[in-house]
Number of protein chains: 2
Amino acid sequence: MEVNDYVIVYSTEIDMPTIVDVARVAGVSTATVSHALNNTRYVDPQLRERVLKAAQDLGYHRNAVARGLRTKRTRSLGLIIPDIANPFFPEFARGVQDAATQAGYTVVLCNTDWQKDKEHEFLNLAQQGLLDGIILNPSEIAGQDLSNLIKADIPIVLIGSRIDHPKLDQVSVDNVVGATMAVNHLVELGHRRIAHLAGPHTSSSGSRRREGFVQAMRQRNLDKDLTIVEVPFNQEGGYQGTRSILAKEPRPTALFAANDVIAIGALLALRDAGLQVPNALSVVGFDDIPVAAIVSTPLTTIAQPKYQMGECATNLLLDRLSGREKGPGRRVKLDLELVTRSSTGPPPPA
Amino acid sequence: MEVNDYVIVYSTEIDMPTIVDVARVAGVSTATVSHALNNTRYVDPQLRERVLKAAQDLGYHRNAVARGLRTKRTRSLGLIIPDIANPFFPEFARGVQDAATQAGYTVVLCNTDWQKDKEHEFLNLAQQGLLDGIILNPSEIAGQDLSNLIKADIPIVLIGSRIDHPKLDQVSVDNVVGATMAVNHLVELGHRRIAHLAGPHTSSSGSRRREGFVQAMRQRNLDKDLTIVEVPFNQEGGYQGTRSILAKEPRPTALFAANDVIAIGALLALRDAGLQVPNALSVVGFDDIPVAAIVSTPLTTIAQPKYQMGECATNLLLDRLSGREKGPGRRVKLDLELVTRSSTGPPPPA
DNA sequence: CTGAAAGCGCTTACAG
DNA sequence: CTGAAAGCGCTTACAG
């Protein structure tokens, strides 16, 4: 700001002590200070003592930026996600953080709000040397957008299966299997007319869950006249989608929603339509978000191993950063699990 | 095949191009490259053109760590919070991020899990030069733990009123007023026996809401034999607390819970006790978390302006960072609002 | 066993 | 109007 050229800025900014100050006070070289503080080579116990005391007295804190410039490592990881408000996320993030903290890394949380620009912006932080590695849950960008980072050898772990790259590690679940579990549960309860509230076909999890649904229904010979309504991954989508499904004749006796948020929208639509769950209609969700257990009718759902996904992704990344792993991308698929609550039961008598 | 006996490990770690490379290719000095890229002084259009082209061709990305060392600014802010899973948080964080992004700052999210150690660890990131400023929602640390940072002139904005410091900016709500709003709403509906599910007295918001409750009840002359049960800020606390309140004779006709999560626990306890809400008992929460609208009985609650709190805190911080503000700590109190939903109604006939 | 010094990649006061 | 060079605060190969 030009304006500040004329303003007298009296520097309250007290200079932080540096390694040079510590060295001077302790009467040793900066090399010895560095080694004493980092335990990177032998330092005479007496000298070490003097160094530690001097650092203490001066209130010295190592400048991590300078260190980062020198070592080309900042010991921080980026976690890039599309939506911080997604209830899937906190437990996942906790898994990431626990694993990272244990290895001495700091996690930087980057929320892109489903915007491609922001995805690029945060990926650039790595390109600019601020992040050593990235855990990426991509929402808009394509695989080729990562080529610069891959060329620069910045490790990236992908979450989900939206992007696939032979060089990148990846953590995902088998959405086809998950959908099959949902269908099986309903069929075993006696349902035959099962409708699907599908997620957007542009979403990889959405389309794979739909695929699993269709496939499972076909295997059971229940695929004549399948009812599938595609809605956005939000409550309103679930609400409107359910209304259109209720208009069908004969009415389905069960709904499989592509995620829990959609399922909650469905529960609201059913309540407003005066239909009891599960007596009139059963509902199954997907994710097992924390709310699922406390909504009006606690939700039967396919639980994702959120914490483990975060933990696993972080460990894959740390393996790359430490040089323990140099091979091609590893694919880890974690298991889904059916969680039975009150939203499912036998179909009403015909 | 003999050929394969030697595994060629070619160092994929291609050196990232630096400003020196760009200068060489463009045939100018590094000063000119820097100024051309940053628009910090006049650069001949032809030279600028050559610089930009060279940067483009080389795939140059400015090293933000080196820049940070030189300028002593990293353009990133830390947002330190105790619990990423708290539903209060996402909207707040979004407010922070929007304001920060607009000013060209990156937000680093730091989750302390209610651990004092982690609070210190993240505060240290600022001490180490990695964060220019901090928005802090303290959970365990005390005011004096901040003295090092304050001495080092690192700006901190406090959220809530757990810590108070004359030099620090602060964003909070008036919890006493909020509690009064809750009581007034219930009294106006006709309730006289109102119980309070209080938060921990160690929490500043918990004790101020209790204070507001007591004060409002006293003003209405309803403070004979007040029922107050102190519980932790979680669902289980709300559940157990409600059970103990239901044992009282005469039974209260309304509950004011210190936050929405407690209120949701209360709703579950009431359901399990076979008591209809609001017919048998009314319930008011505090926070207006997203779930509040979709639980079995949508919750009447005191809404906090979460987004604005984040936005406001960030702007206070940015004022300090830019030097626009140098005075003593500013206190901003944002307004609470009563949101009426289905969990409150007139008391049952006596 | 310890120190002097180079160098990480920028920005910016100083010259010309 | 542009360039040569210092310097931010560390780490670490190199000497001794």
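Values below: every heavy atom of this structure, side chains too, minus hydrogens, waters and symmetry copies. Since the structure is predicted, the reported quantities are computational estimates derived from the model, not experimental observations. To find a chain, count down the sequence lines: A is the first, B the second, and so on, and within it residues start at 1.
The shortest side-chain heavy-atom distance between Ile84(B) and Phe89(B) falls under the 4.5 Å cut-off. Side-chain atoms of Val108(A) and Leu79(A), non-hydrogen and from C-beta on, never get closer than 4.5 Å to each other. Using a 4.5 Å cut-off on side-chain heavy atoms (C-beta onward), Ile81(A) and Asn111(A) make contact.
Side-chain N/O atoms of Ser29(A) include one lying less than 4.0 angstrom from OP1 or OP2 on dG3(C). Between Lys72(B) and dG9(D), a side-chain N or O to OP1/OP2 separation shorter than 4.0 Å is present.
We find that CD1 of Ile19(A) is positioned 17 Å from P of dA5(C), with the value rounded to whole Å. When the P atom of dT11(C) is taken as reference, atom CD of Gln128(A) falls 11 Å away, rounded to whole Å. For Asn63(B) and dC8(C), the CG to P distance is 12 Å, given to the nearest whole Å. With rounding to whole Å, Arg24(B) atom CZ is found 17 Å from dG3(D) atom C1'. Residue Gln127(B) contributes atom CD, which lies 14 Å from atom P of dG9(D) at whole-angstrom precision. Distance, Arg67(B) CZ to dG7(D) C1': 17 Å, rounded to whole Å. Look at CZ on Arg62(B): it is 9 Å from P on dC10(C), rounded to the nearest Å. One can place CZ of Arg73(A) at 12 Å from P of dT12(D), the figure rounded to the nearest angstrom.
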All N/O donor-acceptor pairs, side-chain side in residues 121-139 of chain B, below 3.5 Å, sequence neighbours left out:
unit_1: Asp132(B); atom_1: OD1; unit_2: Thr74(B); atom_2: N; d: 2.8
unit_1: Asp132(B); atom_1: OD1; unit_2: Thr74(B); atom_2: OG1; d: 3.2
unit_1: Asp132(B); atom_1: OD2; unit_2: Thr74(B); atom_2: N; d: 3.2
unit_1: Asp132(B); atom_1: OD2; unit_2: Arg75(B); atom_2: N; d: 2.7
unit_1: Ser139(B); atom_1: OG; unit_2: Glu119(B); atom_2: OE1; d: 3.4

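Of the two residues contacting DNA chain D, namely Leu69(B) and Thr30(B), the nearest-nucleotide position lying further toward the 5' end is that of Thr30(B).
Using a distance-only test at 3.5 Å, with no hydrogens or angles considered, no donor-acceptor pair links the side chain of Ser34(A) to the main chain of Ala31(A).
Residues of residues 32-49 of chain A that place a heavy atom closer than 4.0 Å to DNA chain C, in numerical order, are Thr32(A), Arg41(A), Tyr42(A), Val43(A), Asp44(A), Leu47(A).
Counting all heavy atoms, side chain and backbone alike, Leu317(A) lies closest to Ile156(A) at CD1-N, 4.3 Å. In this structure, Leu321(A) and Pro155(A) approach most closely via the heavy-atom pair CD2-CG, 3.6 Å.
Exactly one residue among Val332(B), Leu334(B), Val96(B) makes a side-chain contact (heavy atoms from CB on, under 4.5 Å) with Met309(B). That residue is Leu334(B).
For Arg70(B), counting side-chain heavy atoms from C-beta on, the closest listed nucleotide (dC8(D), dG9(D), dT11(D)) is dC8(D).
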_Dot-bracket, 5' to 3', for DNA chain D please: Watson-Crick or G-U pairs under 3.5 Å, [ ] where pairs cross earlier ones, | where the partner sits on another strand, dots elsewhere._
|||.||||||||.|||
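In this structure, CD1 on Ile19(A) lies 9.5 Å from CZ on Arg67(A), to the nearest 0.5 angstrom.
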